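Since this is a predicted model, take the numbers as computed values, not measurements. Every chain is numbered from 1 and lettered A, B, ... according to where its sequence line falls, protein lines coming before strand lines.
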Amino acid sequence: MTFYKFPVEENMNCPVYLFASKEIYAEIEKTALNQLLNASTLPGVEVVVGMPDLHQGYGLPIGGVMAAARNGPISPGAVGFDINCGVRLLKTGLKASDLKDKNIILRRLQQAIPAGVGEGSNLNFSEREFKEILANGVSKLIEAGYVSRKAAANCEDNGNFKEADPDTVSSQAISRGIEQLNTLGSGNHFVELQEVASVSDSDELEEGDLMVMVHTGSRGFGHQVATDYIDLAKKTRDKYGLSFPTNNLAFFPWDSKEGRNYLGAMGAAANFAYANRTFLTESIKRVFTELYPDSYIELFYDHTHNIAREEKHVVNGKEMDLLVHRKGATRLASGGKALIPGSMGTGSYVVKSADSENTRLSLNSTAHGAGRKMSRTQAKKSISRQDHMRSLGDVEVVSAGKNILDESPLAYKDITEVISSLQISDLAYPVAQLKPLLCIKG
DNA sequence: ATGTTC
């Protein structure tokens with residue numbers, strides 16, 4: 001069994017494919033699977049796919065892909081609250097063995113990176129400049145001289161989501177976001193120092209290389225955009241004569257003004273997140289330059305796992321224009337690579353596309369991480385501090401949050417099983433494995 | 001994920 005197919009029945013508009021090994025499938029909650037099946041009942045949905053890190057989310061499960069045809073839905077809930085949550089991997093020019101005092105760099109990074117819920121930034125922007133960043137992302141940062149041209153290379157969308165439109169964003173989102181560029185956030189967001197543990201198929205990485213991985217998104221800005229447009233979708237339901245299988249999957253019609261405005265606002269949040277990860281990279285660069293003058297910080301790759309984008313795919317032998325909503329799922333183009341972080345204290349991976357029949361069935365998608373095994377509440381209740389500390393091994397972790405048991409590796413699926421599941425399903429294969437050394441959690 | 005129950 002390389003994947004599961006749920007045939008069209010009852011109100012479903014298309015079959016649902018779940019790419020998971022038998023072991024992984026057994027761990028997936030019924031609620032997550034039901035959410036995935038539910039997505040196929042939206043009128044105009046052509047393809048629904050689940051990744052092996054599937055777990056319960058808001059409307060669409062995390063690890064879910066929902067593609068709408070030209071007459072289909074635009075659903076802000078199917079992208080989720082952290083628009084352009086994503087991962088980037090940085091090269092440092094150092095070997096892990098060059099690290100002199102782990103404690104010093106950990107503390108310096110912690111000082112340099114504002115982290116935690118509601119934590120503001122050390123940067124100041126006028127509203128006009130902030131809106132230019134929303135409109136043009138990393139391109140604006142380059143133009144303004146904040147970063148070098150290299151900042152856009154190796155970044156998905158070149159760090160500039162073309163359809164972004166700051167005029168479709170509420171003033172509340174602007175006021176929340178303007179003070180949050182260059183901040184890490186909370187929850188599963190992190191900055192981690194990693195060592196390349198093994199390389200099987202990559203000429204860009206070498207065993208022993210010291211890398212930095214960053215996982216964060218669009219903070220309160222994207223959250224406000226999502227909130228605004230989910231509310232609007234609920235309000236415009238009757239105007240367009242729609243019915244929703246669940247309010248969490250409230251949607252706009254493809255050609256509606258409100259739907260197009262959402263895509264503009266979503267794009268602005270995408271650019272916020274690209275800019276946020278770019279500014280964080282500058283902060284990291286300053287710490288490295290101060291402590292290790294011979295180091296450099298260079299972007300290896302950056303991509304999102306929460307976004308909707310228009311893409312062409314062949315479905316049932318026919319080429320179609322689709323709006324592909326991915327939530328906790330990464331686009332992995334044929335011949336391309338992707339980053340798959342594990343939970344803190346466990347390994348992360350660089351994978352390449354298997355370029356198979358199944359990668360096409362999945363609309364060129366891959367997993368975004370280990371995926372939760374337990375809800376946050378369940379984790380805080382059932383994981384002891386002792387077991388959590390033991391699960392971290394010798395990885396040093398500092399965190400802004402006081403209780404991060406809900407982020408314990410014990411609350412997540414085993415990343416190696418997710419990776420092997422991707423291989424079994426013929427979606428992707430690992431080309432490099434990264435071992436965590438130090439971790440700064442939000 | 002989130003000015004963590006506007």
Chemist: At 4.0 Å (heavy atoms only), tell me whether A/G217 reaches a base, stays on the sugar-phosphate, or touches nothing.
Modeler: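 Here A/G217 touches no strand at all.
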Chemist: Is the phosphate of B/dT2, meaning OP1 or OP2, less than 4.0 Å from a side-chain N or O of A/T227?
Modeler: no
Chemist: To the nearest Å, give me how far apart CD1 (A/I404) and P (B/dT4) are.
Modeler: 20 Å
Chemist: Output the rounded distance in Å from CG (A/N84) to C1' (B/dT2).
Modeler: 16 Å
Chemist: Is the NZ or CZ atom of A/K140 both under 6.0 Å from the centre of the six-membered ring of A/Y146 and within 45° of that ring's axis?
Modeler: no
Chemist: Could you give the OH-to-P distance, from A/Y58 to B/dT2, as a whole number of Å?
Modeler: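 From A/Y58 OH to B/dT2 P: 17 Å.
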Chemist: Are A/K337 and A/Y301 in a cation-pi setup, meaning NZ or CZ lies under 6.0 angstrom from the ring centre and within 45 degrees of the ring axis?
Modeler: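 Yes, a cation-pi geometry holds between A/K337 and A/Y301.
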Chemist: Just to be sure I understand the rule, does A/E119 reach a base, reach only the sugar-phosphate, or reach nothing, if contact means heavy atoms closer than 4.0 Å?
Modeler: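 If one applies the 4.0 Å heavy-atom cut-off, A/E119 turns out to touch nothing in the nucleic acid.
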Chemist: Does a donor on one side chain sit under 3.5 Å from an acceptor on the other, for A/S365 and A/R331?
Modeler: no
Chemist: Which part of the nucleic acid, if any, lies within contact of A/N188, taking any heavy atom under 4.0 Å across all strands shown: a base, the sugar-phosphate backbone alone, or nothing?
Modeler: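 Contact class for A/N188: sugar-phosphate only.
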Chemist: If we count only N and O atoms by modelled type, under 3.5 Å, do the side chains of A/N306 and A/H368 hold a donor and an acceptor together?
Modeler: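 There is no such pair between these side chains.
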Chemist: Round to the nearest Å and state the distance from A/D82 atom CG to B/dT2 atom C1'.
Modeler: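 It is 9 Å, rounded to the nearest whole Å.
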Chemist: CG of A/D228 versus P of B/dT2: gap in Å, rounded?
Modeler: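 Nearest whole value for this atom pair: 16 Å.
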Chemist: To the nearest Å, give me how far apart CD (A/Q172) and P (B/dC6) are.
Modeler: 12 Å
Chemist: What is the nucleic acid contact for A/E179, judged by heavy atoms within less than 4.0 Å: base, sugar-phosphate only, or nothing?
Modeler: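 No contact.
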Chemist: Rounding to a whole Å, what distance do you find between A/L184:CG and B/dT4:P?
Modeler: 18 Å
Chemist: Can you tell me the distance, in whole Å, between the CZ atom of A/F81 and the P atom of B/dT5?
Modeler: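 A/F81 atom CZ is separated from B/dT5 atom P by 12 Å.
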